[in-house]
Each structure stands twice: as C-alpha cells, then as structure tokens.
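Treat the numbers as computed from the prediction; the structure is a model and nothing was measured. To find a chain, count down the sequence lines: A is the first, B the second, and so on, and within it residues start at 1.
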2 protein chains.
Amino acid sequence: MIADLEITRLREGGGKGFEKVFAFLRERLLAGSLRPGDRLIPERDLAAQLGVSRPILREALRALTVLGVVEIRDRVGTIVRRPDPSVLNDFFTFAFAQQSDVVDDVMQARIAIECQAVRLAAERATVSDFEKLQQALARIVETIDDPDGGSAADFDFHRTVVNTGKSETLIVLHNSLSGILMRSHRGRRELLQVFDSMKTYLIEDHRRIFDAIVGRDPEHAEKVLREHFAIGDDFRRRAAIGESEARSAS
Amino acid sequence: MIADLEITRLREGGGKGFEKVFAFLRERLLAGSLRPGDRLIPERDLAAQLGVSRPILREALRALTVLGVVEIRDRVGTIVRRPDPSVLNDFFTFAFAQQSDVVDDVMQARIAIECQAVRLAAERATVSDFEKLQQALARIVETIDDPDGGSAADFDFHRTVVNTGKSETLIVLHNSLSGILMRSHRGRRELLQVFDSMKTYLIEDHRRIFDAIVGRDPEHAEKVLREHFAIGDDFRRRAAIGESEARSAS
DNA sequence: GTATGTATTCTGGTATGACCAAGGTAAGAG
DNA sequence: CTCTTACCTTGGTCATACCAGAATACATAC
C-alpha cells in the first residue's frame, strides 16, 4: 500500500519550503492520487524526494493531521485517512471560545440541525431505531432526579434522534455544536431543581417527539421539537430572572 | 503586546512533546489568556520555556495555523488571530473531495440551516434588510434567462436571506456548505432550459419567501422555503430522468 | 514442517546547533 | 532634530544524531 509519489519535477515556483510541501500533498489528496488507507513513504525518503528537510516535512504532515486528512502513527508510518469530522469539533471550539455570548447563537444552529434531522428521522427510522429511541427515552425517565445523569440522558436522546436521521453531515455538525454547548454552558440543567414542573415537561416533550417519529409524521415531529426548544428556552429565561431576583434579595 | 506565558510548572503528565505543547497552547487560547492580537514570545524562548525543541514547537504552531487560530508572520512573530471561518471551507473541501455522492446529504444540512435562518430573518429583518432582499429578488428576475448569472443571483438571494437571520453561526455554516455545493454540483442550474415552467417557479417561490419575511411570519417563511427546496429537488429529479431518457434514445 | 523466541531493521519522535534573510530598532552621522 | 546605517531579533530552513518501539527476518527448538 506504499504510495510512491512519483515526484514529477515538482515545480519550484510554488512557494518555499513548508508551503511547497503542503501544497503538493494537498493537491495529491484532493486529486485522489493519495487515497484513504494509503501509506506514505517514510518521512526521510519523502523529505528527500520533496527536497526539504524532515522537520519541514513534519510541519506539513502535522498540519494535515489536524485537518484530519492523514494520521501519523508512531513507528508505523503516515497513512491517509478519510477526513475525520472530529476536527470540526476542534475548530468550532476555537472559533467560539472567545466570545461566550455566542452560545445562544450556536443554539440556533443546533435547533436548525435537529429540526431537519427529526424530519428525516420520521421518514427513515427503522425498527432498530425505534428501540434505541425508546431506550434513550427510558433513560431520561430514570435519571429525571439526577442532574448529572439527566443531562447526559437528555443529550443522548437528542443525539439518537439526529443519528436516526441518517444524514452524515447533520450528525457531524450536531456533534460539533453539541460539544460547544456542553463545554460553554455545562450545567444548564442544574436549574432543574428550581422548577418541579420542568420534570414533567422534559419527559412529556421527549415522549411526544418519540411518538411523532414512530408515527412517521415529519411535520409534527419538527413542530414538537421546536416547541420543546422554545419551552426550554423559556424555562432558562425564568430561571435566570429568578436567580437575579434571589441575588438582589440577598 | 507580548504575551508572556507565565509557565506554571506545566504538568509533565500531558502527553509527550508535540501533544504537550499543543495542549498547552490550546488551553491558553481557549481559556482566554491568549487573546486575538497578542503576540507570542519568540519561538526559541517559548520552546525553551516549554521544554521542547524548536522544530516541535513549530509543529504545534503550524497546526494552530491551519486551524486559523494563530498567524506566523515571517520575521515578525506569531500572533493570535480570531479564527477564520474560511478554515471550514478548507476542511469541507478535503472532507468531501473523495465522495461526491454526499452532495445530497450536504444539501440536507443546507436546508436545515436556511430554514432556521429564514425564521430568524422574518423576526429580525430591518428595513435595510428588506431592501437588500428586494434587490436580490430583482436580480433573480433580471437574470432569469442567463444560466450563469441566474445561478449567481439565486445563490445570492439565499445568502442574503441567511444574512438577514443575523446568526453568525448559521451564516458561517451556510457559507461553507454552499461552497461545497457550488464546487461539486456547479451548473445544476444549467438544466433550466429544459423546463420553461421552472422560470416562473423560481421567480414566484423567491418572491413568496420575500413576502413571508416582510410579513414577519417565521412559520410561513419556513414552509415556503421548504417547499421551494422540495420543488427544486423534484425538478432536478425529472431533469435527470429526462436526461437519461435522452441518452438512451440517442 | 511448524512454532517460538531473538536479533536486526525500519520508522516516527525529538533534540541540537547552525545558517540565512529580512523586519525592527537604536546608535551614529548630518 | 532628522536621517541613515549597522546591529540584533525573529521566523524559515537544514543537517545530523539519538532513542524507542513496531515490523520483519532469521535462527533455533520441538
């Protein structure tokens, strides 16, 4: 599986050092002459063929690594991978790290993704999916009094719904966005204690989403999910108000 | 503006070499102790403080560069940048270079983004936005007989709609996804000639979307947009059938 | 002939030290 | 005080060397 890169004169005009190497590999990757599963020739040889030193080559390989295009396996070699969506996670994390006020904005994207996914889920779900969803639903009920586990179960249910939609792109995006939301707003569920009515809302809403999917009703599924988000937002709003009132009263 | 990284003992447990450095910088970036505009200390010093060699440090720096987090300026220094969404474009390009059959799947994500954005657009649009939308709509009408310009105008209208939603996240995602769709499926509009009825469909649909936004009706806006996508999909399907029939007849 | 254990080779991971070119800056000339 | 210039800084790159573990070949034992 050694991919011998048939270096064809490697035009000198293409930038210096790193840029040259990176552009070369990038082109090979995009053109398809390097395919997932291929193993590159050893760093030393490749560096020699490309006319650069090993550190420079490694910079380029490392750059491709963070893009998820290749994988450098210690004492094995560099192999081409199918781009791993998890790098999106990295990027989004960086991109939205600075401004924490964008959480609400990211939430808009999550709503977008889930609402589309739930439609697809209602159309594409298999019996196996139904079971998974039911299990996820059961976990929500079980952990309703456990803030930590409850949050996980909630997240898991939504993730299962998106998976049921069977759209790779939606799944990838949802994972990335969820990561951001969990990191920057972890414990948003902790205000569960405040409103006891929230418990029934949580259970009932998710059950209605499940029912809509089982009922093969995309339209209704999205409607319920959207309401679910809206109500959750409302709860958070009221909690925030209550919190600030509590603070000002103390 | 020099960011002196007050290395605090840098716990040794965090992986070896590159991983350690990358994790360290990542943490600083995410925590906010390194902010956009800051300039890192020179590579030599930083490498020394981190206890790694310069090549290794440069690997980490280069990795952050491809993520758009920092910028290495020749003979000036390494400065922290606000992550550039264009990195997403790069990634998606890699990710979907191999399998071109994922276009339909990416389309699902685009629909998701736009349907959410059009809701927000209906709520948040300003008079200025109305004008921009109207101009975009006018361009669609003007270029209805021009395949090239028409495609651009179509895309531009949708982009304007998403912008009107004023969600940074949705805008970024939409841009990236649009890039993929344009690259891998450019000229999907070329089948315009086939169905003359498509012209009226194009104009009328976009006008209805515009009206719904102006009418501040998120629900209806999404409904119309969704139908717009569905009909477009149907057109493409029929065109594909007609094309294959034409081929088999020849 | 097969299986097992060992030695050699290959490969990535890292460190050192050095050289170059050009941006920045401060000392020196006017 | 202004302007020029030499120096120092800083990224960009290279060459070499050593390490540790995976991969492989080989020799030995059964």
Let me know the distance between [atom1] of [X] and [atom2] of [N], rounded to the nearest Å.
X: E43(B); N: dC14(D); atom1: CD; atom2: C1'; value: 15 Å
X: E19(B); N: dG13(C); atom1: CD; atom2: C1'; value: 12 Å
X: K16(A); N: dG11(D); atom1: NZ; atom2: C1'; value: 16 Å
X: E71(B); N: dT10(D); atom1: CD; atom2: C1'; value: 15 Å
X: L61(B); N: dT10(D); atom1: CG; atom2: C1'; value: 12 Å
X: L57(A); N: dG13(C); atom1: CG; atom2: C1'; value: 13 Å
X: I41(B); N: dT9(D); atom1: CD1; atom2: P; value: 15 Å
X: K20(B); N: dG13(C); atom1: NZ; atom2: P; value: 15 Å

With DNA chain D as reference, determine whether E59(A) or V76(A) sits nearer its 5' end, using the nearest nucleotide of each.
-> E59(A)
Closest-nucleotide 5' rank along DNA chain D - winner of D45(B) and P55(A) = D45(B)
Please tell me if the side chains of D156(A) and T160(A) come closer than 4.5 Å, counting only heavy atoms from C-beta onward.
-> yes
State, with a plain yes or no, whether a side-chain heavy atom of F210(A) is found less than 4.5 Å away from one of Q134(A).
-> yes
According to a strict under-4.0 Å criterion, is R62(A) in side-chain N/O contact with OP1 or OP2 of dG12(C)?
-> no
Side chain of [X], heavy atoms from C-beta onward: which of [options] has the nearest atom to it?
X: I72(B); options: dG13(C), dG11(D), dT14(C); answer: dG11(D)
X: I56(B); options: dG11(D), dG12(C), dT14(C); answer: dT14(C)
X: F18(B); options: dG12(C), dG11(D), dT14(C); answer: dT14(C)
X: P42(A); options: dT13(D), dG12(C), dA15(C); answer: dG12(C)

Is there a donor-acceptor pair under 3.5 Å between the side chain of D105(B) and the backbone N or O of T169(A)?
-> yes
Consider only side-chain N and O atoms of T126(B) and D129(B), and report whether a donor and an acceptor are under 3.5 Å apart.
-> yes
Tell whether R44(A) reaches the base of dG12(C) with its side chain through a donor-acceptor pair below 3.5 angstrom.
-> yes
Between the side-chain atoms of R54(B) and the base atoms of dG17(C), is any donor-acceptor pair under 3.5 Å?
-> no
Report which part of the nucleic acid R58(A) touches: base, sugar-phosphate, or nothing (heavy-atom distance under 4.0 Å, all strands).
-> base
Mutual orientation of the aromatic rings belonging to H174(A) and F155(A) [parallel < 30°, tilted 30-60°, perpendicular > 60°] = parallel
